[in-house]
Amino acid sequence: MSVIEGFILTGGASSRMGESKAHLRLGGQTFVARAREALAAIASQVSVVSSHVGDEAFGLAVVPDIYEGAGALGGLHAALTAARADWIAIVSCDLPFVSGELFVRLAAFVRADADAVAPVQEDGRLQPLCALYRREPCLATAEALLRAGELRPRALLGRLRTRLVKFAELSDLAGAPLFFRNVNTPEDYAAAARELAALKTEG
């Protein structure tokens, strides 16, 4: 398997949450700690991509945005720029239910004829912020998109040789229905806490 570096995107404004999502806790861990633990299953090292003051408190290397205000694609570009490995694994901190098993499964689809590996959610939507990217082709393409004013991460995947991983290829993994549960609001956060409690009860 190729050497992979992990990056956690924490640069969002968290305007709907009203506080930094990266510092929220679930199951006694911050969202960043949960993401780091999941990425560590495949990544040689894990860094945080952020321009927020205070994110160095997570104890991980902090990679600053190069294109300020460019959203998740800007964060992905910063990660690709900082990476030294051929492949990177990206996850947004507001996906607190990702797991090491998920990343191991995604990494199993890394091939010489693919520039990215990205899952398709149960609802059929492509998820570019829990995915793997080959550094050189993805960096050049992300740079071109940002210069053109295109900020959608899905646009990047559309320009690459992307191995789409259908949800059926992930659904046998423990916790699969919650992998791509996005936590953006206080209501989402409360629901996530209930879902985690239910998982523990079932376990």
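What's counted below: heavy atoms across the whole structure, side chains too, no hydrogens, waters or symmetry copies.
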_side-chain contact (heavy atoms from CB on, under 4.5 Å) for F97 and F180? Distances and angles first, verdict last._
CA-CA 7 Å; F97 289 105; F180 309 117; over 6 Å; no
Review item, side-chain donor-acceptor pairs of residues 71-83, under 3.5 Å, at least two apart:
| from | atom 1 | to | atom 2 | distance (Å) |
| --- | --- | --- | --- | --- |
| H77 | NE2 | E143 | OE1 | 2.6 |
| T81 | OG1 | H77 | O | 2.8 |

_Check for me whether the distance between the ring centres of F58 and H23 falls short of 6.0 Å._
yes
_I'd like to know if the side chain of R147 reaches the main chain of A142, judged simply by a donor and an acceptor atom lying under 3.5 Å from each other, with no hydrogens or angles considered._
no
*Does Q121 use its side chain to pair, donor to acceptor, with the backbone of D123 at less than 3.5 Å?*
no
*Contact check, side chains of R154 and L156, non-hydrogen atoms, under 4.5 Å*: no
*Got a sec, which residues hit side-chain contact (heavy atoms from CB on, under 4.5 Å) with E150, two or more places apart in sequence or on another chain?*
L145, R152, A155
*asked:* In the structure I gave you, are the side-chain heavy atoms of C138 and L160 within less than 4.5 Å of one another anywhere?
replied: yes
*Please examine the side chains of D94 and N184, heavy atoms only from C-beta on, and report whether any two atoms are closer than 4.5 Å.*
yes
*Quick check: does any side chain N or O of R163 sit under 3.5 Å from a backbone N or O of F109, one acting as donor and the other as acceptor?*
no
*Mind checking side chain to side chain donor-acceptor pair (under 3.5 Å) for T141 and listing every partner two or more places apart, or none if nothing turns up?*
none
*Looking only at atom types and distance, does a side-chain atom of S92 sit under 3.5 Å from a main-chain N or O of L95, one as donor and one as acceptor?*
no
*Please round to the nearest 0.5 Å and tell me the distance separating atom CD1 of I8 and atom CG of L60.*
5.5 Å
*asked:* How long is the straight-line distance from CG of L173 back to CZ of R105, given to the nearest 0.5 Å?
replied: 4.0 Å
*asked:* Between L26 and F31, is there a side-chain heavy-atom distance shorter than 4.5 Å?
replied: yes
*To the nearest 0.5 angstrom, please state how far the CD atom of Q29 sits from the CG atom of L196.*
9.5 Å
*asked:* So, using side chain to side chain donor-acceptor pair (under 3.5 Å) as the criterion, who are the partners of D113 when residues are at least two apart?
replied: none
*Given the rule that I, L, V, M, F, W and Y join up when any side-chain heavy atoms are under 4.5 Å apart, are F7 and L151 in one cluster?*
yes
*Which atoms form the tightest heavy-atom contact between L106 and P119, and what is the distance?*
CD2-CB, 4.1 Å
*What residues, two or more places apart in sequence or in another chain, satisfy salt bridge (charged side-chain N to carboxylate O under 4.0 Å, His left out) together with R125?*
none
*If every non-hydrogen atom of I4 is compared with every non-hydrogen atom of I42, which pair is closest and at what distance?*
CB-O, 3.8 Å
*Identify the heavy atoms of D115 and P137 that sit nearest to each other, and give their distance.*
OD1-CG, 3.6 Å
*Identify the two heavy atoms, one from D188 and one from V183, that lie closest to each other, and give their separation to 0.1 Å.*
CB-CA, 3.8 Å
*Distance-only, no hydrogens or angles: does the R111 side chain make a donor-acceptor pair with backbone N or O of A114 under 3.5 Å?*
no
*Working for side-chain contact (heavy atoms from CB on, under 4.5 Å), residues I90 and L9*: CA-CA 7 Å; I90 284 282; L9 302 181; 3.8 Å; yes
*asked:* Show, in sequence, the C-alpha distance, side-chain angles and deciding distance for L126 and L157, and conclude whether the side-chain contact (heavy atoms from CB on, under 4.5 Å) test is met.
replied: CA-CA 9 Å; L126 187 58; L157 290 174; 3.5 Å; yes
*Inter-residue atom distance K21.NZ - T30.OG1, 0.5 Å rounding*: 14.5 Å
*Not counting sequence neighbours, which residues clear side chain to side chain donor-acceptor pair (under 3.5 Å) with R181? List them please.*
E195
*With no hydrogens and no angle check, is any side-chain donor or acceptor of Y133 less than 3.5 Å from a backbone partner on L139?*
no
*So, do T10 and V49 sit near enough that their side-chain heavy atoms are less than 4.5 Å apart?*
no
*Check the pair L170 / D172 against side-chain contact (heavy atoms from CB on, under 4.5 Å), numbers first and verdict last.*
CA-CA 6 Å; L170 305 171; D172 62 304; 5.6 Å; no
*For residues S50 and V62, report the shortest heavy-atom separation together with the two atoms involved.*
O-CG1, 3.6 Å
*Looking only at heavy atoms, what is the nearest atom pair of V98 and F179, with distance?*
CG1-O, 3.6 Å
_Using side-chain heavy atoms (C-beta onward) and a distance below 4.5 Å, is T162 in contact with V117?_
no
*Are more than 12 heavy atoms from other residues, nucleotides or ligands located less than 6.0 Å from atom CD of E136?*
no
*Are the side chain of E5 and the backbone of R84 linked by a donor-acceptor contact shorter than 3.5 Å?*
yes
